[in-house]
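These notes concern the structure reproduced below.
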Protein chains: 2
Amino acid sequence: MSKEAQAGGDEPATGAGIQRVFEALASAPRRRILAYLSHSSLTAGEIAARFDMSKPSISQHLNVLEVAGLIARERKGQFVHYSLVENNLANTLNGFVQDVCPVARPIKRESKALAAAKGREKAEG
Amino acid sequence: MSKEAQAGGDEPATGAGIQRVFEALASAPRRRILAYLSHSSLTAGEIAARFDMSKPSISQHLNVLEVAGLIARERKGQFVHYSLVENNLANTLNGFVQDVCPVARPIKRESKALAAAKGREKAEG
DNA sequence: CCAGAAATTAGGTCATTGCCTAATTATCTA
DNA sequence: TAGATAATTAGGCAATGACCTAATTTCTGG
């Protein structure tokens with residue numbers, strides 16, 4: 001398993017990947033893109049159509065999200081489909097919260113269970 | 001209860017507070033400060049001493065974190081003590097993850113329980 | 001009151017980000 | 001192959017952010 005692709009699993013919250021993730025999330029349009037993709041995969045054009053912003057700008061946002069490992073792209077003919085990389089966001093943020101927030105530490109085992117459950121889901125899905 | 005002070009409780013992940021939180025978290029030094037404060041409260045000077053950075057720069061970072069509602073300041077004589085606002089970080093990130101990450105949605109009730117438990121903890125103190 | 005320490009504010013520089021338009025690449029179809 | 005559509009890359013510009021030094025505020029102790 002590639003370390004960066006599935007960041008958040010065991011990687012400490014001080015790793016290199018987490019920086020890109022938080023930078024990616026610091027932008028409202030990018031968070032909005034993630035929200036859209038949480039409902040269904042979309043082409044770059046479909047995403048751009050939902051914004052009052054030029055296509056190249058959206059393309060840049062998509063690139064930032066992809067480099068952060070939060071979304072995946074797949075070319076299909078002349079279209080490029082984007083989809084959420086589901087584990088990464090939750091795991092990265094979860095890992096960080098566990099490092100920083102004392103309250104959250106007790107649920108460390110739960111998040112572990114969550115990751116396991118997700119693994120199962122993927123395998124069955 | 002002030003809405004912004006305890007952001008993340010019911011506030012949608014599209015609110016104004018979340019933007020400040022994510023911007024605050026986009027900086028490695030600021031995340032490091034949060035990690036320090038998760039172990040104990042510290043004065044501005046004690047925090048600055050842990051960084052290879054000027055005190056004014058640290059002061060600015062502290063201000064960003066405070067405006068985001070992630071830390072609290074308390075003046076004691078000539079010192080200023082900073083401490084973590086524990087609920088806010090976990091709740092804000094949790095709320096966002098629930099909005100975006102399909103896997104995480106089923107644990108919505110758990111996070112609610114977590115918030116409740118935290119309330120109790122605070123009250124018993 | 002004055003010297004000194006803690007912390008912030010003020011002001012300036014430099015790099016980065018976010019947006020745009022124009023140009024380019026890749027693909028489909030007639 | 002030519003023309004149209006999807007998407008990206010290239011390049012430029014304004015705004016923002018992160019750092020610094022110097023100056024200021026706020027408190028303590030002699």
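What you see below is based on every heavy atom in this structure, not just the backbone, and it leaves out hydrogens, waters and symmetry mates. Below, read A as the first sequence line, B as the second, and so on, with proteins coming before strands; counting in each chain starts at 1.
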* **Interatomic spacing from CG in L89(A) to CG in L37(A) - rounded to 0.5 Å** =>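 One gets 11.5 Å once the value is rounded to the nearest 0.5 Å.
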* To do: Supply the atom-to-atom distance Y82(A) OH to E66(A) CD, rounded to the nearest 0.5 angstrom.
  => 6.0 Å
Mind calculating the distance between [atom1] ([X]) and [atom2] ([N]) to the nearest angstrom?
{"X": "N63(B)", "N": "dG17(D)", "atom1": "CG", "atom2": "C1'", "value": "13 Å"}
{"X": "I33(A)", "N": "dA7(D)", "atom1": "CD1", "atom2": "C1'", "value": "14 Å"}
{"X": "R75(B)", "N": "dA5(C)", "atom1": "CZ", "atom2": "C1'", "value": "11 Å"}
{"X": "E46(B)", "N": "dA6(C)", "atom1": "CD", "atom2": "C1'", "value": "12 Å"}
{"X": "R31(B)", "N": "dA18(D)", "atom1": "CZ", "atom2": "P", "value": "12 Å"}
{"X": "K76(A)", "N": "dC28(C)", "atom1": "NZ", "atom2": "C1'", "value": "17 Å"}
{"X": "Q19(B)", "N": "dG17(D)", "atom1": "CD", "atom2": "P", "value": "10 Å"}
{"X": "L62(A)", "N": "dA6(D)", "atom1": "CG", "atom2": "C1'", "value": "13 Å"}

* No-H, no-angle donor-acceptor pair, Q78(A) side chain to dT5(D) base, under 3.5 Å ->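 Pair found.
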Pairs under 3.5 Å (N/O, protein and nucleotides 16-23 of chain C):
from	atom 1	to	atom 2	distance (Å)
dG18(C)	OP1	R30(A)	NH2	3.3
dG18(C)	OP2	R30(A)	NH1	3.4
dC19(C)	OP2	H61(A)	NE2	2.4
dC20(C)	OP2	S54(A)	N	2.9
dC20(C)	OP2	S54(A)	OG	2.8
dC20(C)	OP2	S57(A)	OG	2.7

Phosphate OP1/OP2 of [N]: any [X] side-chain N/O under 4.0 Å:
{"X": "R73(A)", "N": "dT8(D)", "result": "yes"}
{"X": "T43(B)", "N": "dA7(C)", "result": "yes"}
{"X": "Y82(A)", "N": "dT8(D)", "result": "yes"}

* Write down the atom of R32(A), the atom of R50(A), and the distance for their closest heavy-atom approach. =>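 Heavy atoms only, the tightest pair is NH2-O, 2.6 Å.
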* To do: Might you point out which heavy atoms bring A90(A) and V97(B) nearest each other, and give the distance in Å?
  =>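 The pair with the smallest heavy-atom distance is CB-CG1, 3.9 Å.
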* Heavy atoms under 4.0 Å, any strand shown: does F51(B) hit a base, just sugar-phosphate, or nothing? ->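 Here F51(B) touches no strand at all.
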* To do: Kindly determine whether L93(A) and L25(A) satisfy side chain to side chain contact (heavy atoms under 4.5 Å, CB included), including the steps that lead there.
  => CA-CA 10 Å; L93(A) 294 189; L25(A) 296 179; 4.0 Å; yes
* **Step-by-step side chain to side chain contact (heavy atoms under 4.5 Å, CB included) determination, R31(A) to D99(B)** => CA-CA 10 Å; R31(A) 290 195 303 275; D99(B) 274 0; over 6 Å; no
* To do: Using modelled atom types only, decide if a donor and an acceptor are shared between the side chain of R73(A) and the backbone of R75(A) within a distance under 3.5 Å.
  =>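 Side chain of R73(A) to backbone of R75(A), a donor-acceptor pair under 3.5 Å: no, none is there.
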